[in-house]
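Shown next, in structure tokens, is the structure this report addresses.
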Amino acid sequence: MRIRTLLVALSMPALAGCSAFMSTTNTVSAGLNAVTKSTESTTNASVTEPGSPSYARAEAYVASQLPMIRRDAAAGGGENTAALATLLGESDPQAFGRWMQTNYRDLFAGLERPADLVDRIVARRG
């Protein structure tokens, strides 16, 4: 009987901690969903519109992944060009990768800033 009481007493803080963790996790998740829904409902801007949140995300992605995007574009596709296609609202990531390969020189020649790549893609895909 003493062992059972001891086990119950020892498990109570663990269960309380689990409950607090789940509550915190659910609260954070709900907050992120609210922000996402708010962002989606308050912007009707096109992905290709400079200054839009989607455009900014595409620019940030290119800035962080430019060497891999360049490699994938030279090869005609890959996970990095597919991710960029998604960010830019392209319906066919494989076709987008092939298009980047075909237009590789125009897209990457003299590229001064990673954000310029997004500008060039939008200008040519318009």
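Remember, it's a predicted structure, so these values are computed and weren't measured experimentally.
Pairing each heavy atom of Ala63 with each of Pro114, the nearest pair is CA-CB, 3.6 Å. Ala83 approaches Tyr61 most closely through the heavy-atom pair CB-OH, 3.5 Å.
A heavy-atom distance below 4.5 Å is found between the side chains of Leu88 and Val118. Looking only at side-chain heavy atoms (C-beta outward), Asn103 and Ile121 stay at 4.5 Å or farther from each other. Within the 4.5 Å cutoff, the side chain of Phe96 has heavy atoms near those of the Met100 side chain. Side-chain contact between Ser54 and Arg57 is present, with heavy atoms from C-beta onward closer than 4.5 Å. A 4.5 Å side-chain heavy-atom check between Glu59 and Tyr55 finds at least one atom pair inside the cut-off. At least one side-chain heavy atom of Phe108 sits under 4.5 Å from a side-chain heavy atom of Leu66. Within the 4.5 Å cutoff, the side chain of Asp92 has no heavy atoms near those of the Trp99 side chain. Counting only heavy atoms from C-beta outward, the side chains of Arg120 and Leu111 approach each other to under 4.5 Å.
One finds the CD atom of Gln101 at 11.0 Å from the CG atom of Asp72 (value rounded to the nearest 0.5 Å). Taking CG from Leu117 and CG from Leu107, the interatomic distance works out to 6.0 Å, rounded to the nearest 0.5 Å. Here the CZ-CD distance, from Arg125 to Glu90, works out to 4.0 Å after rounding to the nearest 0.5 Å. The line from CZ of Arg71 to CD of Gln65 is 9.5 Å long, rounded to the nearest 0.5 Å. With values rounded to the nearest 0.5 angstrom, Ser64 atom OG is found 9.0 Å from Asn80 atom CG. Atom CG of Asp119 is separated from atom CZ of Arg124 by 10.5 Å, given to the nearest 0.5 angstrom.
Remark: side-chain polar atoms of Arg98 are not paired, donor with acceptor, to backbone N or O of Gly76 under 3.5 angstrom.
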